[in-house]
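In what follows, a single structure is set out as structure tokens and then discussed.
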Amino acid sequence: MELNEIVRGAFEKAFPGEDFGFVRVVPATDAKFGDYQCNDALKFAKKLKMNPREVGTKIADLLKDESVFEKVEVAGPGFLNLTVSTEWLNAQLLNLQTSKHLSIPQIGVGKKVVVDYSSPNAAKQMHIGHIRSTVIGCAIDRIFRALGYDVVADNHLGDWGTQFGILIKGYRECLTEEERQNLTVATLEKCYVLSAAKAKEEDGIWKESCKQELVKLQQGDKENLALWKRFIEISIGEFERMYRKLGVKFDTYRGESYYNDAMPGVVEKLLKMGLAEESEGALIVNLEKDKLGVAIVRKSDGGFNYTTSDLACVESRVAEYDPERIIYITDDRQNLHFQQFFEIARKMGYTTTFHHIGFGLMSYQGKAISTREGNLIKLDDLLSEAKRRAYEIVKDRGGTEELAEQIGYGAVKYSDLSHDPCTTIDFNWDKALALEGNSGPYLQYAYARVCSLMEKAGVDFSSCASLTSGKDSASPFSVTTPSEKKLALQLLEFPGAVVRAAEIYKPSVLADYLFQTAQLYSSFYQNSPILKSEEAVKNARLRLCALFGEVLKKGLYLLGIETPSHI
Ligand code: ARG
């Protein structure tokens with residue numbers, strides 16, 4: 001931010017030869033301290049064992065000469081309280097409105113990031129437990145793209161393993177000809193349940209037969225391989241139906257099976273590097289020194305496991321994309337798995353940044369989600385219910401089905417994204433769909449209100465560039481009242497909120513920002529007449545409203561939430 005540089009410049013001028021990379025200007029915690037503050041005079045004084053108040057005063061004196069500031073004060077032991085000038089603020093607003101990416105810094109240009117998310121297991125319908133990875137992943141994907149990163153969104157399907165022996169056997173013997181012809185994921189799920197139940201029979205014949213089907217598949221038997229492929233295609237088709245509803249798009253669908261052939265090579269490499277060792281017939285990587293226990297990379301029966309597969313996946317992604325980082329999104333029960341294989345990958349020499357977003361579990365209307373409780377709701381059903389409930393809200397205002405989808409799905413997504421991903425959350429219909437409070441519909445409604453205001457004023461977002469507040473002013477913005485100023489300062493924080501959300505991998509940072517912004521907008525809107533004001537004031541305020549609308553639209557887009565212009 002420009003302010004950082006100005007204040008840093010004052011430090012450099014006052015104390016030549018020192019490094020002031022750490023100097024930061026942050027929004028003031030309370031308006032009575034001004035608009036911004038900088039507490040780094042204290043930090044610096046401590047380092048050089050100087051009087052902090054003296055350092056602060058020296059910097060303040062230099063800053064007073066800058067036209068950017070209307071007021072510079074030294075408070076307490078050396079805090080700098082900064083009040084910006086109206087001209088500066090107006091010019092910054094114009095910069096933000098006319099910049100290409102709403103001033104989101106393009107820090108990722110030329111860098112590749114792989115985002116590994118959603119990743120359901122094939123041959124099963126997606127359920128309520130899949131929402132978090134899908135929704136958080138989609139937001140992370142969009143946020144990184146907005147920062148200029150070249151993102152590869154990869155769906156790491158669970159498409160290999162013992163369940164396919166059970167499925168193939170079940171397909172052949174538990175389904176009718178008609179079911180086989182019109183195969184769906186629901187039928188696959190049914191045939192798995194039937195076949196798995198038979199595999200529990202005491203004589204063990206069925207179980208043995210499932211095993212043989214699996215071995216045949218692993219050895220490349222044509223018929224079994226064709227069946228497996230069909231199961232996967234049908235599953236992806238069904239998943240994509242959900243992703244279309246949610247506005248989620250993947251660049252690749254590389255499931256675990258994609259890495260099968262590379263796993264023996266990975267184990268060989270681990271042995272050669274002296275990282276793997278024999279233990280009770282299995283091959284392990286001992287991570288006890290790193291306090292991460294032991295990771296098995298080859299089981300005693302010769303089979304590989306999840307860790308081996310993820311290491312092979314890293315090898316492949318690094319060779320193909322050379323990504324700057326790889327981000328994985330799963331629930332936090334997999335934390336240890338990720339810590340272990342990240343550590344092994346580092347020991348193998350990979351320098352890529354690995355990050356796991358391990359999100360907390362979700363409960364539904366105050367109850368834990370479990371198969372036994374019978375509340376393992378299908379994602380499809382949850383989305384239908386969201387649409388139905390949203391339709392109830394909008395139908396009297398002439399709302400369409402499409403609008404009900406935008407609001408219903410947006411509510412489901414926002415109720416997740418407004419929480420820190422690392423916490424457990426409860427999904428609650430009333431809260432998710434509330435028109436007041438921190439909800440998706442509240443923010444969508446705020447956007448629609450801006451649209452109808454613009455409509456009433458007879459301008460739209462693209463033509464608002466022609467609105468001027470007066471002939472001789474350098475900026476068409478003209479911030480005057482306190483509530484207007486609060487909103488203006490908050491709007492300037494948008495790029496920072498996007499950067500911060502990516503830095504700490506929390507879309508909730510952006511959701512919080514948008515909610516606070518919408519609240520400040522609402523208080524500005526209540527306190528400041530717009531259409532009834534004289535032309536210059538009206539135009540300046542309309543532009544501020546339009547800027548708020550643009551920030552809100554972009555922010556919600558980054559969270560994967562649509563912004564209908566009428567609600
Ligand atoms: N399919 C896995 C599951 O359902 C998630 C995969 C996550 N990605 C990865 N590379 N391990 O638990």
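Remember, it's 1-based here, ligands and their atoms both numbered in the order they're listed. For this chain, numbers begin at 1 and follow the sequence in order.
Counting the atoms of ligand 1 from 1 in the order shown, those under 4.0 Å from a heavy atom of Y306 are 2 (C), 5 (C), 6 (C), 7 (C), 9 (C), 11 (N). Close contacts between ligand 1 and F338 involve ligand atoms 11 (N) [criterion: under 4.0 Å to a heavy atom]. The ligand atoms of ligand 1 that sit less than 4.0 angstrom from a heavy atom of D116 are 7 (C), 8 (N), 9 (C), 10 (N). Distances below 4.0 Å separate heavy atoms of Y328 from the following atoms of ligand 1: 10 (N).
Relative to atom 1 (N) of ligand 1, the option among S119, S118, S133 with the closest non-hydrogen atom is S119. Residue D310 holds the heavy atom nearest to atom 10 (N) of ligand 1 of all those in D154, D310, T330. Between atom 3 (C) of ligand 1 and the options H337, H156, Q334, the minimum heavy-atom separation is to Q334.
The pair K169-E213 does not meet the salt-bridge criterion, since no charged nitrogen lies less than 4.0 angstrom from a carboxylate oxygen. Salt bridge annotation for K553-E550: absent, with no cationic side-chain nitrogen under 4.0 angstrom from a carboxylate oxygen.
Aromatic ring orientation, F250 versus Y117: tilted (interplanar angle from 30° to 60°). Ring pair F164/F231 is parallel by interplanar angle, where below 30° counts as parallel and above 60° as perpendicular. Under the 30°/60° scheme for interplanar angles, the aromatic rings of F427 and Y364 are found to lie parallel. In this pair, Y505 and H355 present their aromatic rings parallel. The plane angle is below 30°, not in the 30 to 60° band. Between F341 and H337, the ring planes lie tilted relative to each other; the angle falls in the 30° to 60° range.
Of the heavy atoms in N121, only side-chain atoms (C-beta onward) come closer than 4.0 Å to ligand 1.
Ligand 1 has no atom lying under 4.0 Å from any heavy atom of Y117.
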